[in-house]
Each structure stands twice: as C-alpha cells, then as structure tokens.
Amino acid sequence: MVIDGNAAGPYIPRPEEPMPELDLAAGAAPSVLKKADRVSLIGLTREELAATLGAALGLDAKKSKMRTTQVWRWIYHYGVTDFENMTDIGKDMRASLAQAFDVPRPEVIERQISKDGTRKYLLRMAPGIEVECVYIPDVGRSGALCVSSQVGCTLNCTFCHTGTQNLVRNLTAAEIVGQVIAVKDDLKEWPSGGEDRLLSNIVFMGMGEPLYNLDHVAAAIGIIADGDGISISRRRITVSTSGVVPQMRALGEETAAMLAISLHATNDALRDVLVPINRKYPIAELMEACRAYPGLGNARRITFEYVMLKGVNDTDAEARELVRLLKGIPAKINLIPFNPWPGAPYECSSWERIEAFADIVNRAGYASPIRTPRGRDILAACGQLKSESVKARASERLKAASSVQ
Ligand code: SAH
Ligand code: SF4
C-alpha cells in the first residue's frame, strides 16, 4: 500500500511491457529462506507438507496427515522454529526432522517505526531479492500488513514509483508467507489468533501486481488463512489489482479473498494513461469482471481505489461519473491522496478538492472514503525503502570503483 510520500530517484518512463507469460517464480536464485543442506517447510501447502514429511520419514498417508497437523500447528500457530520445541512429537522423530528440514525466516535488513506506530520492513529473501512490507496499526479489527507479491512490477502506472522499477521476479508462496511470519515475530504475535491480536488483516498492496503471480499468491493465502495456523480469515485478506481481467474470476474462486480495484479514472482515455493495462482491458470489461466476481454481495464488497491527482482526475463531474460507473456493484470507495515522489509527473489534489470529491461520493452512500496517510515520518510507501537501499549500494559500488582507479 502506498501510504505516504514515495521514493527518491528519477522517474524514468518505460514503454509498456507485455504481460509476462514466463515463469518468473523464484527457483533460479537460492533463497536465504532455507539453509543449503535442509529443506524449508515454510510456504508448502498442507498437501505439499504431508507429501514432503511422508517421503522423508517413510510414513503412510494417515500418519503423514497426523504429523502434518502437528508440525503445521507448531510452525504457524506457535511460531516455533526449533524442532526440539515440538513437544508432542517423539524425540527421535524431532531429531530426524531437524536433520532434514528447516523453518527459516527472511532476513530483516531494516525496520523503521513511525510515531503513529506504522512499521516498515525491508526483508531479504535471497541474494538481490529484497522486498518491503508495511504494518499499519488500527486498520480493520486491529492492524493490517501490506505485503508485496513481486519484486518490482511489469506494469507502469504513471503515478506509481514501483512502476518505474523493472520486474526482478515473482515472489514464491514462501516469500509472501515469510513477510507475515517476520512481522508476527517482530510483533511477538505467537501463538496466532488471540482476541487481542495486533495483526488482523492482510492487504496485497505492496510492490507488484498480485494477479500476475496468482498461483503463489493463492497458495500463500491458503496458508495464511488456515484455521490451524496463522488463521487470518479470507474475508480479512484483500488483493488489489490494477485490472488483470482474465485472472479476476480465478482469484475469487481459488482464494475467496476480498478484491480491490485500482480504478483511478472514470474514462478510458485517462485510464489508458494512468493505468496503461487499461489499453488491454478497458473499463467496461473491468466492470463486467467485477460484477462477476465470485461471492460478491453486500457483505463482500469490492473496494475501488482512486488516487487523487491534481487537475487530472479530481473534478466534481468525475466524482459523479465514478458513482454512476459503480452503480449496482456492491462497492466501497477508497480515495487515496497521491503520494508524491521526486520526478513524479503529478501533484496531490488540494484537501478542499478531495473533500468536495468525497462529499459527492458520500452523498451517493459510500462512507469514509479518504485513506489517511500513515507513517509519514518514515516514508512508509512501498518502493521507498528498497529504492533507498538500491541507491545506497549503487553509490557504494561507485565509490569502490573510483577508489580503485
Ligand atoms: N499492483 C496492484 C497492487 C499494488 S499498488 C495495484 O495496482 O492495485 C497498491 C495501491 O497503491 C494501488 O491502488 C495503487 O494504484 C496505489 N498507488 C501506487 N502509487 C501511488 C502513489 N504514488 N500515491 C497513491 N497511491 C498509489
Ligand atoms: Fe504500481 Fe500496481 Fe501499477 Fe504495478 S500495477 S505500477 S504496483 S500501481
């Protein structure tokens, strides 16, 4: 989620890249999530975990199911990383597990805590694979974690800083779940699922386009939502998309997650510029896919995100058009004050303009639509921290190179 002023670094417009049909999943680079000689159990679905344990320990289907339930609870409910502490498993078997497997964590490279309690993390998943996630307190029942689904993005929405960075690769299910686990470690939120939990919601609003990485996103959601583990209900998990129409139904069917659409414009001419994927899937097709989203109803509304750009998309007429466009769709509207970044070709609308826009939307029956910027003092905008670290490394390299010459 872009929560506040975005990153430093020049804005370099890139031609639109085609939708990736390549398998961009991790695999090429070894993940630091697992130790070289041991297999990581993080990120496996229950079925995969059962197969893995069964094969390694020579168990039949029934026994591997039982072991899977035990191990799953230790990993995802209690947050245990040492097999020695899995006390309802026999000593010998614990030793065998410890020999073959690992329950690793991503490396926390940087953590910043805002005055308002927002926490921004930079995590290293594998060499060169660094992602951000942001924990925002007092969102949903108690707090939301904004996770990344890709490193960079293939799309290039003109107001988004991530859109100026090339895609490095998709994150695996393990790396998505790893973000949740690392933050739960930091919040000391084990065991999972207590009444006073700090982390109640997950939003896929960090770096990347989740629907270009649906398999791993869906597997991660299955793990995060599992009632024997982290247990964050699917209704508290929101996936935001720029509008990858062909994947929307599958998202609903495979994950039952809540859907958010980055709309940002009410006509194709403007949306083609702001969210260039619109050229492939224009507004009418997007709205049709929204109406067909599985499970849609008043209790399961779609959130429409609309970034407020001064003099670009913020007139009263556009507010009225927005309301007209969403007619008949169970919807929430989230007006996002634009988070500027150096070189960005836009400015944020004035507060008066945002309020006037919000008034029209409110009068049409949509409540509290302005997203309050959080974590201003730590620039908790996805894209910021990674860019800074990339920049720092680049300048170190430069210094090193010049001292050699
Ligand atoms: N790729 C997905 C999810 C990540 S972006 C998507 O586009 O929906 C999460 C949200 O932040 C999107 O609604 C996006 O449009 C918005 N966003 C990106 N850059 C922003 C900026 N500079 N200011 C405000 N919102 C921004
Ligand atoms: Fe940014 Fe989302 Fe557009 Fe990618 S799809 S450039 S993350 S707003």
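Both ligands and their constituent atoms are indexed starting at 1 by order of listing. Quick note: residue numbers are just sequence positions, from 1.
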Task: Sub-4.0 Å heavy-atom approach of G208 to ligand 1 - done: yes
Open item on the list: Just to check, does Y346 reach to within less than 4.0 Å of ligand 1 when the distance is taken from its heavy atoms?
Closed with: no
Open item on the list: Surrounding CD of E48 (heavy atoms of other residues, nucleotides or ligands, distance under 6.0 Å), is the total greater than 12?
Closed with: yes
TODO: For T241, counting its heavy atoms only, list the atoms of ligand 1 lying under 4.0 Å from any of them.
DONE: 6 (C), 8 (O)
Open item on the list: Once you restrict to heavy atoms under 4.0 Å, what part of T162 touches ligand 1? Side chain, backbone, both or neither.
Closed with: neither
Open item on the list: Is it the case that the side chains of Y346 and T158 hold a donor-acceptor pair, with the cut-off being a distance below 3.5 Å and no angle test?
Closed with: yes
Task: E318-T266 side chain donor-acceptor pair, cut-off 3.5 Å - done: no
Task: Close-contact set for ligand 1 against I336 heavy atoms, below 4.0 Å - done: 24 (C), 25 (N)
TODO: Provide the closest heavy-atom pair for T45 versus I223 in the form atom of the first, atom of the second, distance.
DONE: N-CD1, 4.4 Å
- [ ] Mark up the atoms of ligand 1 that fall under 4.0 Å of a heavy atom belonging to G206, in ascending order.
- [x] 4 (C)
Task: Sub-4.5 Å side-chain heavy-atom contact between E321 and T315 - done: no
Open item on the list: Only heavy atoms of C160, strictly under 4.0 Å: list the atoms of ligand 1 that pass.
Closed with: 18 (C), 19 (N)
Task: Per-atom contacts, ligand 1 versus W341 - under 4.0 Å to a heavy atom - done: 22 (N)
Task: Neighbour count above 12 (heavy atom, 6.0 Å) for E355 CD - done: yes
Task: Location of contacts on E305 toward ligand 1, heavy atoms closer than 4.0 Å - done: side chain
- [ ] Working to the nearest 0.5 Å, report the span between CZ of R111 and NZ of K120.
- [x] 13.5 Å
TODO: Classify the side-chain pair Y121/D186 by whether it contains a donor and acceptor separated by less than 3.5 Å.
DONE: yes
Task: Shell of protein N/O/S atoms around atom 1 (Fe) of ligand 2, taken as anything under 2.8 Å - done: C160 SG
Task: P210-ligand 1 polar pair, N/O distance under 3.5 Å - done: no
- [ ] Kindly give the heavy-atom pair with the smallest separation between A144 and L199, and that separation in Å.
- [x] C-CD1, 4.0 Å
Task: V307 contact mode with ligand 1 (heavy-atom cut-off under 4.0 Å) - done: side chain
Open item on the list: Could you tell me if S149 and E209 have a donor-acceptor pair between their side chains, going purely by distance under 3.5 Å?
Closed with: no
- [ ] Working to the nearest 0.5 Å, report the span between OG1 of T52 and CZ of R67.
- [x] 16.0 Å
- [ ] Fit a plane to each ring of F83 and F101, take the angle between them on a 0 to 90° scale, and name the class: parallel (under 30°), tilted (30 to 60°) or perpendicular (over 60°).
- [x] tilted
Task: Nearest neighbour of atom 15 (O) of ligand 1 from the list H264, M205, H161, on a heavy-atom basis - done: H264
- [ ] Within a distance under 4.0 Å of any heavy atom of N339, pick out the atoms of ligand 1 and give their elements.
- [x] 21 (C), 22 (N), 23 (N), 24 (C)
- [ ] Look at ligand 1 and say whether A260 reaches it with a heavy atom at a distance under 4.0 Å.
- [x] no
Open item on the list: So, regarding F159 and ligand 1 (criterion: nitrogen or oxygen to nitrogen or oxygen, under 3.5 Å), is there a contact or not?
Closed with: yes
Task: Ionic contact status for R73 with D88, cut-off 4.0 Å - done: no
